[in-house]
*Asks:* 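Please see the structure below; I have some questions.
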Amino acid sequence: WKSQLQKPGDLLQLVIAAVRKNINLGLGNALRDAMEEHAENLLKTGASPSNRINDWNFLTDALENSHRNLFSEFLARMFREPQRHQGLSIVLSMYESALIKSPQVLQRYINDIVTHFENQNNFRQMQENDWKWLAEILNPERVIINHCSPELLRALSERIEKTKISDNRRHALDTILKHIGHFLPQKNET
């Protein structure tokens, strides 16, 4: 599986084709382990896979349900560490559906992330990459933000609005506010 993920070949295409035809493959440890290693490498390096990214979402459906949930847990744990993710956008594009299909994992993940940022003692000390990372997670082009608690998003939004930063981090903060604004009613509408 590792070699198939590194350089997609016939076996990987066969698995994706089977899943597209709603064939339940129920694959387990070997594929999940290889997917975890592959995702971790992509996150660290920012390298893009050699074939169409959209096809990778089908790959998670080849896993047996318990392994799909374990893979989702793995992704959620990895996405909590903004400093190590050059390839966040790539891996989110590849495997976002794995998180969406595991609603309990996704909700806990979203709550953890937003709470992490909400609980920072001093937002001003956070680095630009931390804010860019959160902006990518909350990008409205992703499905993830649809699963965020409005209360958490509102609390984060209010905290960001009160944060007085005028350097290059401000752009990332404003981007986050814009993303959140797509999903929360305007103040004069409530």
Side-chain angles (χ1 to χ4, degrees), residues 1-110 112-113 116-117 127-148 172 175-176 179:
W1 286 117
K2 288 179 185 179
S3 66
Q4 283 290 307
L5 293 173
Q6 290 170 357
K7 187 175 179 185
D10 293 339
L11 178 59
L12 195 63
Q13 293 306 317
L14 180 63
V15 167
I16 291 170
V19 170
R20 282 185 170 176
K21 292 184 182 212
N22 294 319
I23 297 172
N24 183 1
L25 299 175
L27 300 175
N29 281 337
L31 177 57
R32 190 191 81 234
D33 289 346
M35 289 170 64
E36 288 176 359
E37 184 177 316
H38 186 249
E40 189 166 24
N41 287 336
L42 292 175
L43 280 169
K44 288 178 185 175
T45 65
S48 187
S50 59
N51 69 342
R52 296 182 311 253
I53 285 179
N54 292 339
D55 287 346
W56 290 82
N57 275 307
F58 289 104
L59 194 56
T60 60
D61 291 336
L63 294 170
E64 188 269 326
N65 282 341
S66 65
H67 289 284
R68 187 177 311 123
N69 287 336
L70 288 170
F71 183 67
S72 295
E73 291 277 0
F74 167 81
L75 289 176
R77 281 191 311 275
M78 290 196 53
F79 290 160
R80 287 185 183 107
E81 302 174 30
Q83 67 279 7
R84 53 186 285 222
H85 299 321
Q86 295 175 0
L88 177 65
S89 180
I90 293 165
V91 176
L92 275 174
S93 296
M94 291 170 62
Y95 294 123
E96 183 177 36
S97 72
L99 288 172
I100 303 306
K101 291 174 185 172
S102 300
Q104 304 88 346
V105 173
L106 179 62
Q107 190 59 50
R108 189 171 61 252
Y109 165 63
I110 294 297
D112 288 353
I113 288 175
H116 166 77
F117 279 88
Q127 300 300 310
E128 180 182 9
N129 284 343
D130 294 335
W131 293 117
K132 286 181 178 179
W133 174 79
L134 184 60
E136 181 65 33
I137 295 289
L138 296 177
N139 187 329
E141 294 176 7
R142 306 216 170 279
V143 182
I144 289 176
I145 196 168
N146 293 313
H147 299 274
C148 292
T175 300
I176 293 168
H179 293 343

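Just so it is clear, the model here is predicted, and its values are computed rather than measured. Numbering starts at 1 and runs along the sequence shown. Because only heavy atoms are used, hydrogens play no part in the values below, and waters and symmetry mates are left out as well, while side chains stay in.
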*Asks:* Would you say that His38 contacts Trp1 through its side chain, given a criterion of any heavy-atom pair below 4.5 Å between the two side chains?
*Replies:*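 Answer no - side chains too far apart.
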*Asks:* If every non-hydrogen atom of Ile16 is compared with every non-hydrogen atom of Phe58, which pair is closest and at what distance?
*Replies:*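 Shortest heavy-atom separation between Ile16 and Phe58 comes out as CG2-CB, 4.0 Å.
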*Asks:* For Arg68 versus Asp61, what's the shortest heavy-atom pair and its separation?
*Replies:*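 Reported closest heavy-atom pair: NH2-O, 3.3 Å.
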*Asks:* Write down the atom of Glu36, the atom of Phe74, and the distance for their closest heavy-atom approach.
*Replies:*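 Where Glu36 meets Phe74 most closely, the heavy atoms are O-CZ, 3.2 Å.
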*Asks:* Ala172 and Ala135: which non-hydrogen atoms are nearest, and at how many Å?
*Replies:*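 Minimum heavy-atom contact is O-CB, 4.4 Å.
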*Asks:* Check whether any side-chain heavy atom of Leu5 lies under 4.5 Å from a side-chain heavy atom of Leu59, and answer yes or no.
*Replies:*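 SC-SC contact between Leu5 and Leu59 confirmed.
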*Asks:* How close do Ala18 and Leu25 get, heavy atom to heavy atom, and via which atoms?
*Replies:*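 So the minimum-distance heavy-atom pair works out to CB-CD1, 4.1 Å.
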*Asks:* If you measure from CD on Gln6 to CG on Asn41, what distance do you get to the nearest 0.5 Å?
*Replies:*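 With rounding to 0.5 Å, CD (Gln6) is 7.5 Å from CG (Asn41).
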*Asks:* I would like to know whether Leu31 and His67 meet side chain to side chain contact (heavy atoms under 4.5 Å, CB included); could you show each step before the answer?
*Replies:* CA-CA 9 Å; Leu31 177 57; His67 289 284; over 6 Å; no
*Asks:* Would you name the heavy atoms of Asn139 and Glu141 that are closest together and state the gap between them?
*Replies:*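 Asn139 and Glu141 have their closest heavy atoms at OD1-N, 2.8 Å.
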*Asks:* Do Val15 and Gln4 have side-chain heavy atoms sitting under 4.5 Å apart?
*Replies:*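 No; the side chains remain at least 4.5 Å from each other.
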*Asks:* Quick one: CG on Leu75 to CG on Leu70, what's the gap to the nearest 0.5 Å?
*Replies:*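 CG of Leu70 is found 11.0 Å from CG of Leu75.
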*Asks:* Looking at Lys44, Arg32, Lys2, which one forms a salt bridge (Lys or Arg N to Asp or Glu O under 4.0 Å) with Glu37?
*Replies:*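 Among the candidates, only Lys2 passes.
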*Asks:* Might you confirm whether atom CG of Asn24 has over 12 heavy atoms from other residues, nucleotides or ligands at distances under 6.0 Å?
*Replies:*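 Atom CG in Asn24 is not crowded, with 12 or fewer foreign heavy atoms closer than 6.0 Å.
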